[in-house]
Amino acid sequence: MRLSKAFVPTLKEVPADATIPSHKLMLRAGFMRQLTSGVYSYLPLGYRAMMKAMNIVREEMNAIGGQELLLPALNPESLWVQSGRRTIPNFILSIKERDLVLAPTHEEVIGYIASMHIQSYKDLPQIWYQIQTKFRNEPRPRSGVLRGRQFIMKDAYSLDRSWEDLDKNYDLHAEAYKKIFTRCGIKFFIVGASSGAMGGTGSQEFMIESESGEDTTALCPTCGYAANLEVATSNIPKVGRVEKSEPLKEIHTPNIKTITDLVEFLKVDPSRLAKSLVYRYNGKPLLILMMGNDQLNESKLTAALGGGDFAPIGPEDLLALTGADGGSIGPVNLKGFRIIADNRLEGANGLISGANRNDYHIANIDLERDSKIDAFFDLRSIEAGEPCPQCTAPLKISNAIELGHIFKLGTKYSDSLNITYLDENGQAKPVIMGSYGIGIERIVACYIEQNNDKDGIIWNKSLAPYEVHLIAVNMNSKDVETASNQIYDRMIDAQIEVLFDDRASVSPGFKFKDADLLGMPFHVIVGDKGLKNGQVEIKRRRTGERILVKLEEAVSEVQKLLAE
RNA sequence: CGGGGUGUGGCUCAGCCCGGUUAGAGCGCCUGCCUUGGGCGCAGGAGGCCGGAGGUUCGAAUCCUCUCACCCCGACCA
């Protein structure tokens, strides 16, 4: 492509709306433009990079037996009502004129097709995938293409007869994902994750570490344990028992509302303080007992409760139920509540907690003796430095961007959408499903997050919009014009993807800046300076290293470099 | 949805508190000249109902009310 004819609107100044490197660079390099919040147009260069990513994904999906198809973005609303996902908050965008919605993902459509055409165990297994635009009713799009209302995803769906077969398909996808991200040149890691609103029995996320990430992950630098904070555990000890259970004692604690106040006031070690969080779960009161310094993890709570609606209880409601205000609630003599507690409290005694009477706490609580805990769960968020659950080395906590997510869905959609097959005995059985997503824009954005410098993007060959950026330093020089045109033609013949800066009215400095910004792996520079000696220059974008080669050998040298 | 911020030429912004010539700068763009190894120089030029609606006023980019859009933090998040 000749830059003199190309649409590559580069920007010298940083657009005001962009805050993270990938967003700034994708705008500055003329890869895309925003149309409205969370919606972008992909311009020629950006689209080429995305197509490179899509093709890598496609090749690896095909390699595990995936069959590509294309599904409708417009879906009947009723299908989503049937699956139960129409009412998920901030999920589905709908069309005003008809009872249609824009598909945010495609389990429902896949299920619809499968329910009609998968009839026998002989039809299984299947891997179906699509690479296409999806929509989400995103409350707050942000960080460029990392969280948009419209985005391209590869979504794959596996259909199996058994959980064992699902495991095989799941593992195949995990391996394919490793190959995909490795080929893209992205440094990633894999974490155990919560299956969230997708439902299902197991999932892993493919992550890159990034300050801009919206996920938080726990990582063990020693043994490699990695988990999303939604599910991460640690080897932090239980509270345990003190020598002797003393009799209960009520303590006057005027105006003490928080755990910090309480530690200050009683001059006690916070390890004996239990805090009470009061929720309504499916309309009924629920007391959650945690260690005073621990944070409730709502993802874990959701998992523990097995779904349903929960929300913290309001102050008036609380007073009516307990006769006390927040900060004075505790598990002893609390009527009408289901009580659950964090695992760390199992069997604990010698605790201090609220007395269900304003300005009073109770000491010497023995949970086994003085309260009835309905169940213990892992409910706390782990913190940096806690011992790894596998090897006890201190855990590290970092933000991360989710590139891909693989789920064992099981029968969630088979049940609601009635997807069954007949087994060898003629018995109807639910199809066991898996789903496997990759955000295409995120591949490009994450790559850029990991590969840029002050001058611009640094592409590798696999995702670069073009392999080579050919720069004619001065098109008004006859020699340069002839030589650079010759190299360009030869590169085209050699099927090298080349972007040729043949602009006559642009100064050399401008061209070099543009080339660094666009970031193709190799720059071939043709100027009078080199041509005097029959030479052209090849610059490696990543290192800045330059080599001089003979004009006639320019193309073969580039081929050598590209073959590395 | 809560909190904060911003809307002025294609881009980045000044002007707004404290109302008053014809609304400015840099970059980009057009024309000509010049230059040609790191966003080059000189000269000339085009381009804006100051997000929108209403109001206050002799007079509004500027003050008030409403509204829309976008960004950031939070909530939420497959």
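Reminder, nothing fancy here: chain letters follow the sequence lines and each chain counts from 1. Remember, it's a predicted structure, so these values are computed and weren't measured experimentally. These numbers come from the heavy atoms of this one structure, side chains and all, not from hydrogens, waters or symmetry mates.
Counting non-hydrogen atoms of neighbouring residues, nucleotides and ligands closer than 6.0 angstrom, the OH atom of A/Tyr47 reaches no more than 12 such neighbours.
Ring geometry for A/Phe407 versus A/His405: interplanar angle under 30°, hence parallel rather than tilted (30 to 60°). Ring planes of A/Phe31 and A/Trp459: parallel class, angle under 30° (limits at 30 and 60°).
Rounded to whole Å, the separation between the C1' atoms of B/C49 and B/G39 comes to 34 Å. Rounded to whole Å, the P atom of B/G2 lies 15 Å from the corresponding atom of B/A75. To the nearest whole angstrom, the two P atoms, one in B/G48 and one in B/G32, are 23 Å apart. Nucleotides B/G3 and B/G38 are separated by 45 Å at their C1' atoms, to the nearest Å. With both ends at atom P, the span from B/C70 to B/U8 equals 14 Å, rounded to whole Å. Distance noted for atom P between B/A46 and B/U31: 15 Å (whole Å). Rounded to the nearest Å, the gap between the C1' atom of B/C13 and that of B/C34 is 31 Å. With both ends at atom P, the span from B/A53 to B/G9 equals 16 Å, rounded to whole Å.
In this structure, the CZ atom of A/Arg28 is 12 Å from the C1' atom of B/U12, given to the nearest Å. With rounding to whole Å, A/Leu229 atom CG is found 14 Å from B/C77 atom P. Per the geometry, CG belonging to A/Asn476 stands 15 Å off C1' belonging to B/G37, to the nearest Å. In this structure, CD of A/Gln34 is placed 17 Å from P of B/G10, rounded to the nearest angstrom. Between A/His23 atom NE2 and B/C11 atom C1' there is a gap of 14 Å when expressed in whole angstrom units. Look at NZ on A/Lys24: it is 16 Å from C1' on B/C11, rounded to the nearest Å. In this structure, A/Leu517 atom CG and B/G38 atom P are separated by 18 Å, rounded to whole Å.
At least one donor-acceptor pair closer than 3.5 Å links the side chain of A/Arg442 to the backbone N or O of A/Glu402. Put simply, the side chain of A/Asp167 never gets that close to the backbone of A/Tyr170: no donor and acceptor are under 3.5 Å apart.
Look at B/G7: its Watson-Crick or wobble partner, with both distances under 3.5 angstrom, is B/C68. Look at B/G44: its Watson-Crick or wobble partner, with both distances under 3.5 angstrom, is B/C30. Judged by Watson-Crick or G-U wobble contacts below 3.5 Å, the nucleotide B/C63 has B/G55 as its partner. Summarising the base pairing, B/G2 is matched to B/C73 through a Watson-Crick or G-U wobble pair whose two defining distances lie under 3.5 Å. Remark: B/C18 base-pairs with no nucleotide; criterion is Watson-Crick or G-U wobble with both hydrogen-bond distances under 3.5 Å. The partner of B/G24 is B/C13, judged by Watson-Crick or G-U wobble contacts that both fall below 3.5 Å. Base-pair partner of B/C50: not found among the strands shown (Watson-Crick or G-U wobble, both distances under 3.5 Å).
The list of salt bridge (charged side-chain N to carboxylate O under 4.0 Å, His left out) pairs with a residue in residues 543-553 of chain A, not counting sequence neighbours, reads A/Glu537-A/Arg546, A/Arg540-A/Glu545.
For the pair A/Ala18 and A/Glu537, nearest-nucleotide mapping onto RNA chain B gives the more 5' position to A/Glu537. Comparing A/Arg149 and A/Pro15, the nucleotide of RNA chain B nearest to each residue sits closer to the 5' end for A/Pro15.
Looking at heavy atoms from C-beta onward, A/Arg28 lies in side-chain contact with A/Pro15 at the 4.5 angstrom threshold.
Ranking B/U36, B/C72, B/G38 by closeness to the A/Phe512 side chain, first place goes to B/G38. Residue A/Ala16 places its side chain closer to B/C13 than to any other of B/C13, B/G37, B/G39. Distances were taken from every side-chain heavy atom of A/Asp17 (C-beta onward) to each of B/G37, B/C71, B/G38; the shortest belongs to B/C71.
Using a 4.0 Å heavy-atom criterion, one finds that A/Val480 contacts no nucleic acid atom at all. Residue contacts shown for A/Ile471 are absent, as no nucleic acid heavy atom lies under 4.0 Å away. When heavy atoms are screened at a 4.0 angstrom cut-off, A/Phe151 is found touching base atoms of the nucleic acid. Counting non-hydrogen atoms under 4.0 angstrom, A/Ser299 reaches nothing in the nucleic acid. Nucleic acid contact class of A/Gly530 (heavy atoms, under 4.0 Å, all strands): base.
A salt bridge links A/Arg147 with A/Glu214: the distance from a Lys NZ or Arg NE/NH1/NH2 to an Asp or Glu carboxylate oxygen falls below 4.0 Å. A salt bridge does not link A/Arg541 to A/Asp455: none of the charged nitrogens lies less than 4.0 Å from a carboxylate oxygen. Taking the charged nitrogens against the carboxylate oxygens, A/Lys412 and A/Glu107 have no contact shorter than 4.0 Å, which rules out a salt bridge. Between A/Asp516 and A/Lys539, at least one side-chain N (NZ, or NE/NH1/NH2) sits under 4.0 Å from a carboxylate O, which counts as a salt bridge.
If you check distances only, the side chain of A/Asp514 does reach the base of B/G39 with a donor-acceptor pair under 3.5 Å. One cannot find a donor-acceptor pair under 3.5 Å joining the base of B/G37 and the side-chain atoms of A/Asp528.
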Can you check nucleotides 24-33 of chain B for protein contacts, nitrogen or oxygen pairs under 3.5 Å, and list what you find?
{"unit_1": "B/G26", "atom_1": "N2", "unit_2": "A/Glu13", "atom_2": "OE2", "d": "2.7"}

Can you pull every protein N or O that's under 3.5 Å from an N or O on nucleotides 73-76 of chain B?
{"unit_1": "B/C73", "atom_1": "OP2", "unit_2": "A/Arg140", "atom_2": "NH1", "d": "3.3"}
{"unit_1": "B/C73", "atom_1": "OP2", "unit_2": "A/Arg140", "atom_2": "NH2", "d": "2.8"}
{"unit_1": "B/C73", "atom_1": "N4", "unit_2": "A/Arg140", "atom_2": "NE", "d": "3.4"}
{"unit_1": "B/A75", "atom_1": "N6", "unit_2": "A/Arg142", "atom_2": "NH2", "d": "3.0"}
{"unit_1": "B/C76", "atom_1": "N4", "unit_2": "A/Arg142", "atom_2": "NH2", "d": "3.4"}

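Nearest heavy-atom pair across A/Ile487 and A/Val555 is O-CG2, 4.1 Å.
Here A/Thr36 does not reach the OP1 or OP2 of B/A69: none of its side-chain N or O atoms lies under 4.0 Å away. For A/Ser507 and B/G37, the shortest distance from a side-chain N or O to OP1 or OP2 is not below 4.0 Å.
A side-chain donor-acceptor contact under 3.5 Å links A/Arg85 and A/Tyr413.
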